[in-house]
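Remember, predicted model here, so these are calculated numbers, not experimental data. Proteins come first, then strands; the chains are lettered A, B, ... in the order of their sequence lines, and each starts at number 1. Reckoned from all heavy atoms, side chains included, excluding hydrogens, waters and symmetry mates.
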Amino acid sequence: TMKAQQKAMGLSYDWDREFATCDPDYYKHEQKMFLDFLKAGLAYRKESWVNWDPVENTVLANEQVVDGRGWRSGVPVEKRLLSQWNLKITEFSDDLLEALKGLDRWPDKVRIMQENWIGKSEGARVKFALAGRDDAVEVFTTRPDTLFGASFIAIAANHPLAHEMAKGDPALAEFVRECNSMGTSEATLEQAEKKGYRTRLEAQHPFDAGWTLPVYVANFVLMEYGTGAIFGCPAHDQRDLDFARKYELPVTAVVRPKDSASIEIAMDAFTDDGIAFHSRFLDGLPTAQAKTAAIDRLEKEGTGTRSITYRLRDWGVSRQRYWGCPIPVVHCLDCGIVPVKDSDLPVTLPDDVTFDKPGNPLDHHPTWKNVFCPSCAKPARRETDTFDTFFESSWYFARFCDAKGETAFSRRSVDYWMAVDQYIGGVEHAVLHLLYSRFFVRALRRCGYIGIDEPFAGMMTQGMVCHQTFRDKDGKWLQPDQVRKEGDGWVKLDDGSTVTAGRSEKMSKSKKNVVDPDRIIDTYGADTARLFMLSDSPPERDLEWTEAGIDGAWRYSQRLHRAIVEPAVALAAKGTRRPNDLGTAATEIERKIHKTIHFVTDDLEKFHFNRAVARIRELSNALEDLEGDGADVSWVRRFGWETLVKLVGPMMPHLGESLWQALGYAEMLVDQSWPAADPRLIVDDTVTIAVQINGKLRGTVELPRDADKAAAEAAALAQVDVAKFIDGRAPKKVIVVPNRIVNVVL
RNA sequence: GCGGGCGUGGUGGAAUUGGUAGACACGCCAGAUUUAGGUUCUGGUGGCGAAAGCCGUGGGGGUUCAAGUCCCUUCGCCCGCACCA
């Protein structure tokens with residue numbers, strides 16, 4: 001039915017290339033890809049933390065963890081380590097970052113988000129030897145220049161040292177457990193109150209073995225980033241400062257602003273660059289040089305190294321769910337992990353699964369997971385995890401190049417068709433889907449599948465369709481067609497009870513603020529809906545679906561029909577030649593037609609559809625106002641309407657064809673070439689110039705285009721309103737911007 | 001908490017990218033034709049003011065001859081934060 005609706009809306013897809021990603025004919029190819037990634041070292045297994053619901057005995061998505069509790073069971077979730085499949089996106093961190101520069105048809109905001117997501121940081125790894133032991137704790141820092149301001153070391157709750165210390169310290173063990181009860185999402189971790197636990201460990205400062213720092217386990221240090229440990233410099237990092245104030249740790253400023261000799265730190269850390277002080281051999285150095293000098297010394301003394309860290313983490317693709325593509329490997333007690341043989345692909349999902357138990361149905365299935373090892377033929381266990389569904393969406397665009405092929409796609413067709421000229425999607429995909437797809441293209445290229453290096457050449461982020469929401473007196477959501485406006489409020493259609501009108505939100509089934517496309521098409525027709533959607537708001541912004549808006553579009557389509565179909569006989573016959581002499585009115589309209597072609601073409605190329613519609617309506621207003629029936633007017637009227645029909649064609653294709661026919665053509669409008677604007681006719685001979693006095697508009701003057709500055713100034717000063725305002729005073733200065741503005745400064 | 005974005009009349013939105021704020025619509029007001037219309041047509045419509053004029057792009061400050069546009073700051077809303085897909 002969605003397909004039928006799309007066809008009814010007049011969307012021109014090539015349905016021959018349709019496929020479904022849940023079809024084994026599709027996912028068998030990604031099983032092969034995965035095995036190739038495995039061979040190339042781009043897929044590997046790693047222990048990672050997941051949200052575990054101890055009652056349901058199942059892994060929970062972050063979304064399913066509400067206030068630290070499982071959404072069904074209501075019990076606190078635990079973090080648990082699970083062995084999971086990962087794809088090595090970090091292998092391409094630098095390439096993914098650098099190549100963003102070449103994506104010049106992507107919105108800046110998406111490129112910035114990806115840049116920040118990859119998060120390249122240059123700095124140092126520094127070893128702090130542990131007093132009384134022969135090992136060290138290694139930290140990553142971007143501010144080695146502030147080492148002399150260090151006042152503590154903080155390690156993640158799941159840092160090996162934390163686990164080791166917890167064994168002999170029940171209170172620490174409890175603290176670690178508490179940190180692990182928080183769930184895995186970064187938002188939760190960062191919003192939680194910053195807490196620490198002081199271990200018995202003392203770390204020695206790398207530049208002064210006699211100076212020791214306390215080692216804390218802290219809930220805000222991420223094991224996934226850097227080394228899972230930091231050194232705290234409260235004076236120059238806000239989070240460290242908050243921590244230091246809470247646990248009464250020393251705050252020593254070691255960077256001062258360029259223009260002052262010292263700095264007082266109260267509750268705000270000084271995080272800008274400046275000049276190092278109280279820092280022994282770094283004293284007097286500007287931040288950049290101090291960083292270099294500190295790292296040089298660390299390297300010389302063997303206590304640290306120059307290092308680059310990325311925020312980007314490898315992509316965990318294992319999911320413990322039934323609906324997904326099975327991961328094609330077998331676990332054998334003797335051989336370990338063994339890939340399924342190519343000849344045994346695809347590994348398909350069993351049809352006879354039950355959902356009566358929580359957890360992964362594949363794991364509960366009595367027989368599916370029992371197989372023989374492809375290598376030694378002994379009984380073995382099939383992998384029961386399936387792929388993250390982002391896996392499917394990371395290469396589907398390549399499949400479109402060759403949708404029915406026996407292989408995933410032919411390299412030739414992908415290299416020919418790709419990259420996608422124009423990709424469209426919501427901003428919510430800015431980092432995950434779009435980055436995974438960029439990674440996939442790189443991984444496939446490395447495995448010899450394709451030769452291209454980016455999936456999407458042009459990118460546009462589109463808004464969502466929104467609609468007002470309604471609730472009845474019991475707070476239940478109501479559909480827009482169940483309510484009626486009454487006075488200033490709303491009432492329910494069937495019993496007249498009061499309805500609360502809520503704000504406009506993204507259309508969703510749960511809030512019932514959806515409008516059925518079939519009903520729109522039945523009532524107004526596809527073209528009206530298309531025109532409304534194009535004219536209402538720019539595509540990057542959310543579209544507010546309103547009855548009033550549809551009505552406006554519907555009236556315009558009626559108006560166009562009336563303007564062209566009925567008086568068609570009155571329009572000059574098609575193919576009439578342009579008279580050599582056009583009167584004033586005809587000349588002006590002819591220019592307007594060419595300007596409209598020019599601007600509409602430009603607007604469409606830039607996806608400024610709402611502006612294009614406004615231009616078209618302006619032209620049709622002008623054509624309707626055109627009076628007279630001389631040869632020139634008749635010709636320009638015909639030329640105008642005919643051009644307008646061509647311009648409106650892509651927006652309202654069905655009406656367009658019917659109008660085209662009414663204009664006397666047997667051929668299809670869709671086969672006509674796009675009109676071309678005559679560059680000589682898109683500029684006017686005269687321009688209106690604004691005259692300001694002290695920046696305020698006081699009048700306008702008409703001048704020939706490109707009049708010289710002196711002439712513009714003279715005309716401006718002579719303008720009656722302006723002259724009245726100046727009242728004989730001598731201007732201090734006159735600024736003339738040709739063809740734009742004259743500003744008189746008194 | 002961090003990253004990104006948005007904020008302009010009663011409403012959706014324009015504004016040549018620092019140069020006449022409010023194009024084009026919706027709505028509203030007045031009038032005309034019909035008068036069964038949710039039809040069509042004409043005129044008006046940012047606010048205050050009788051007018052001259054003054055004010056006006058979430059709030060505050062700044063740069064500039066000139067700011068919706070640039071800078072600083074602040075408020076509100078939206079998106080993302082790696083297991084929602």
Distance, rounded to the nearest Å, where [X] contributes [atom1] and [N] contributes [atom2]:
| X | N | atom1 | atom2 | value |
| --- | --- | --- | --- | --- |
| A/L697 | B/C55 | CG | P | 14 Å |
| A/N694 | B/U64 | CG | P | 15 Å |
| A/Q462 | B/G5 | CD | C1' | 16 Å |
| A/K606 | B/U16 | NZ | P | 10 Å |
| A/Q692 | B/A21 | CD | C1' | 12 Å |
| A/H467 | B/G12 | NE2 | C1' | 14 Å |
| A/N219 | B/G1 | CG | C1' | 12 Å |
| A/R740 | B/G18 | CZ | C1' | 10 Å |

Original post:
Within the pair A/R562 and B/U39, is there a side-chain N or O less than 4.0 Å away from OP1 or OP2?
Top reply: no
Original post:
Taking OP1 and OP2 of B/G13, is either one under 4.0 Å from a side-chain nitrogen or oxygen of A/R541?
Top reply: yes
Can you check the distance between [N] and [M], where both ends of the measurement are the [atom1] atom (answer in whole Å)?
| N | M | atom1 | value |
| --- | --- | --- | --- |
| B/C70 | B/G1 | C1' | 29 Å |
| B/C29 | B/U35 | P | 23 Å |
| B/G18 | B/C71 | P | 11 Å |
| B/G10 | B/C48 | P | 9 Å |
| B/U8 | B/G47 | C1' | 14 Å |
| B/G60 | B/A67 | C1' | 16 Å |
| B/A52 | B/U33 | P | 34 Å |
| B/G9 | B/G46 | P | 13 Å |

Do [X] and [Y] sit within salt-bridge range, that is, some charged N less than 4.0 Å from a carboxylate O?
| X | Y | value |
| --- | --- | --- |
| A/R319 | A/D388 | yes |
| A/R111 | A/D108 | yes |
| A/K109 | A/E540 | no |

Does the structure show a Watson-Crick or G-U wobble partner for [N], both distances under 3.5 Å? Name it, or say none.
| N | result |
| --- | --- |
| B/U16 | none |
| B/A66 | none |
| B/G7 | B/C75 |
| B/G1 | B/C81 |
| B/U45 | B/G27 |
| B/U33 | none |

Could you label the plane-to-plane angle of the [X] and [Y] rings as parallel, tilted or perpendicular, counting under 30° as parallel and over 60° as perpendicular?
| X | Y | result |
| --- | --- | --- |
| A/H429 | A/H433 | perpendicular |
| A/Y423 | A/F397 | perpendicular |
| A/F439 | A/W315 | perpendicular |

Assign [X] to base, sugar-phosphate, or nothing according to its heavy-atom contacts below 4.0 angstrom with the strands shown.
| X | answer |
| --- | --- |
| A/K194 | nothing |
| A/I112 | sugar-phosphate |
| A/N743 | base |
| A/S535 | nothing |

Subject >> Conformer about C1'-N of B/G9 - syn within 90° of 0, anti elsewhere >> reply: syn
**OP:** If the glycosidic angle is within 90 degrees of 0 it's syn, otherwise anti, so just tell me which one B/U17 is.
**Re:** syn
For residues 730-746 of chain A, dump all side-chain donor-acceptor pairs below 3.5 Å to protein atoms at least two apart in sequence or in another chain.
{"from": "A/K732", "atom 1": "NZ", "to": "A/L746", "atom 2": "O", "distance (Å)": "3.2"}
{"from": "A/N739", "atom 1": "OD1", "to": "A/D706", "atom 2": "N", "distance (Å)": "2.9"}
{"from": "A/N739", "atom 1": "ND2", "to": "A/D706", "atom 2": "OD1", "distance (Å)": "2.7"}
{"from": "A/N743", "atom 1": "OD1", "to": "A/G695", "atom 2": "N", "distance (Å)": "3.0"}

**OP:** Specify the residue among A/K109 and A/A690 whose closest nucleotide of RNA chain B lies further upstream toward the 5′ end.
**Re:** A/K109
Is the shortest heavy-atom distance from the side chain of [X] to the side chain of [Y] under 4.5 Å?
| X | Y | value |
| --- | --- | --- |
| A/T21 | A/R399 | no |
| A/Q64 | A/D53 | no |
| A/I693 | A/I726 | yes |

Original post:
Which nucleotides of nucleotides 23-29 of chain B have their base under 4.0 Å from a protein heavy atom (B), which only their sugar-phosphate (S), and which neither (-), written as one string 5' to 3'?
Top reply: BSSSS--
Subject >> Summary of protein contacts for nucleotides 77-85 of chain B, nucleotide by nucleotide, where a base hit scores B, a sugar-phosphate-only hit scores S (4.0 Å, heavy atoms) >> reply: SSSSBBBSB
Subject >> Pair A/Y27 + A/F387: ring centers closer than 6.0 Å >> reply: no
Original post:
Taking the six-membered ring for Trp, is the centroid-to-centroid distance between A/F220 and A/F243 below 6.0 Å?
Top reply: yes
